[in-house]
Student: 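Got a structure for you, written out below as structure tokens; questions coming shortly.
Numbered from 1 within each chain, the chains take letters A, B, ... in sequence-line order.
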Amino acid sequence: MVSKAESRAAVRPRLSSGEDVQAAMGSMRTLASLSVRSSPVSHMFMNSSGKLQKQLRKGEFAMFKHSPVFESDFIQVSRKGYSIDMHNTVQMVTVGITFSSPSLAMPDIMLLARPAGDHEVSAGHDQDTKGRGLKSAKSKLELTRLLPLKFVKLSIFHHEKKQLRLKLATGRSFYLQLCPSEDGKEDVFAQWEDLVFLLRPPVEAYSGMQAELASDMLDLPVLENEDKKSPEAVEVHGEGQQDQVSVWSLPMDIEVSEATSPAHVASE
Amino acid sequence: MTYAYLFKYIIIGDTGVGKSCLLLQFTDKRFQPVHDLTIGVEFGARMVNIDGKQIKLQIWDTAGQESFRSITRSYYRGAAGALLVYDITRRETFNHLTSWLEDARQHSSSNMVIMLIGNKSDLESRRDVKREEGEAFAREHGLIFMETSAKTACNVEEAFINTAKEIYRKIQQGLFDVHNEANGIKIGPQQCISSSVGPSTSQRDSGDVESNSGCC
């Protein structure tokens, strides 16, 4: 395995000026490949060609036009693994992990997207989502969020159900269940597990093993307060019996908390 | 849907000034009084019509909290327009404008069009920054200025669209190199320059607004 320092030493300095960026656009893909090739995550990114990456290649988001993306489709589930809401629909989320710069050896960005124009996909009558071939109805995606991985804690929530937990620096957690891949590949979740372990020390990679983790994410007073009230805090103290339904439409639905922006609150 | 140009916008300013609310009002025409703290960037997009040209606005709503700022400023690169937002009821958000402006100018194209926005104009009784102060700041720094209310939608359309008009004007004047995506402008699919930058027409649609139709 090549260390991060070695990987960085092997690549060119990052581009800075606008003129340089355009002049070098044609070679950025090569640069990205070079840095990724020397990275411990290279096997996930070198042959990636998901629909999010294909869409990014069209160039509307210039920053990611040539970025390799490791991506999968997920459905948003509750903490107990239920996915269906009252309208018998599921929230589809495409999660992509990528790089903000071709000079990076490790990914630093999470991109979230949803089917364009139709945020929900019918899930039929079967309440059990496991094993169902949920195909996104729309091939075109709408990019909704960019989350620096520095502010996100990704962990494995349930190995058998192929569920990840995504905890934001605000203290809010979301639970995502991998959709079966259309090509029937069996090892996609294993790659996500690899990624989780590479991005986090192993002791933190499994949700069930971790203590309260927010302290190393951000030193934000507002977040400290939020964490005390977060579902994780309840879980740690053995009182987490409630089904914490994390409804996350993109952009987020409201859930009033201390991590909420005060925009216009005072006027209400 | 095809478009002649895509303009990248950024929305910047202190936390809690209403950046995400402005975006939501512009893209979804609704107001959400409480919004989760933005982490990283939230994206929005909308088509507008400027002088008969379909233009796609790709909007990057950035985190305003100081702790996220060192990272989010790296996403300013390649923006054609910026909405620099302060809260007219919180003096400190106005006092921080210089710092935001320096950041924006340092990390993006020198041609970037910047619209200064004094948001929450519906809260007149709690006003802490006079309109004239906003105007003076904008004049001093070469910005466009508007007061808006994301809550009532007052001037929200105008703020986004007038910024697009100014970018389009700069394109027509040759001040923007539209082939350089570092300028935050992308030519639409199957468009060519000769057809994209044509003479102005009077054709308009609902996305186009008069510059001085302000309600605030």
Student: Would you give the length of the straight line joining atom CG of A/Leu146 to atom CD1 of B/Ile39, rounded to the nearest 0.5 angstrom?
Tutor: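 A/Leu146 atom CG to B/Ile39 atom CD1 measures 11.5 Å (nearest 0.5 Å).
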Student: Please examine the side chains of A/Leu143 and B/Phe43, heavy atoms only from C-beta on, and report whether any two atoms are closer than 4.5 Å.
Tutor: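 Contact flag for B/Phe43/A/Leu143 side chains = yes.
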Student: Heavy atoms only: give me the nearest B/Gly40-A/Pro148 pair and the separation to one decimal.
Tutor: CA-CD, 3.5 Å
Student: Of the backbone (N, CA, C, O) and the side chain (C-beta and beyond), which part of B/Leu6 lies under 4.5 Å from a heavy atom of chain A, both, or neither?
Tutor: side chain
Student: Do A/Glu60 and B/Lys56 meet the salt-bridge criterion of a basic N to acidic O distance under 4.0 Å?
Tutor: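 Judged by the 4.0 Å cut-off on N to carboxylate O distance, B/Lys56 and A/Glu60 do form a salt bridge.
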Student: What's the separation between atom CG in A/Leu147 and atom OG1 in B/Thr38, rounded to the nearest 0.5 Å?
Tutor: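 So the gap between those two atoms works out to 10.5 Å.
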Student: Heavy atoms, side chains only, cut-off 4.5 Å: are B/Asp36 and A/Arg172 in contact?
Tutor: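 SC-SC contact between B/Asp36 and A/Arg172 confirmed.
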Student: Distance check, rounded to the nearest 0.5 Å: A/Asp108 atom CG versus B/Ser74 atom OG?
Tutor: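 The OG atom of B/Ser74 is 8.0 Å from CG of A/Asp108, to the nearest 0.5 Å.
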Student: To the nearest 0.5 Å, what is the distance between OG on B/Ser67 and NZ on A/Lys150?
Tutor: 9.0 Å
Student: So how far is it from A/Phe151 CZ to B/Thr72 OG1, rounded to the nearest 0.5 Å?
Tutor: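 So the CZ of A/Phe151 and the OG1 of B/Thr72 are separated by 7.5 Å.
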Student: Quick check for you: among B/Gln58, B/Lys8, B/Lys186, which has the greatest number of heavy-atom pairs under 4.5 Å with chain A?
Tutor: B/Gln58
Student: Within this structure, what is the CZ-CD distance for the pair A/Phe61 and B/Glu181, rounded to the nearest 0.5 Å?
Tutor: 12.5 Å
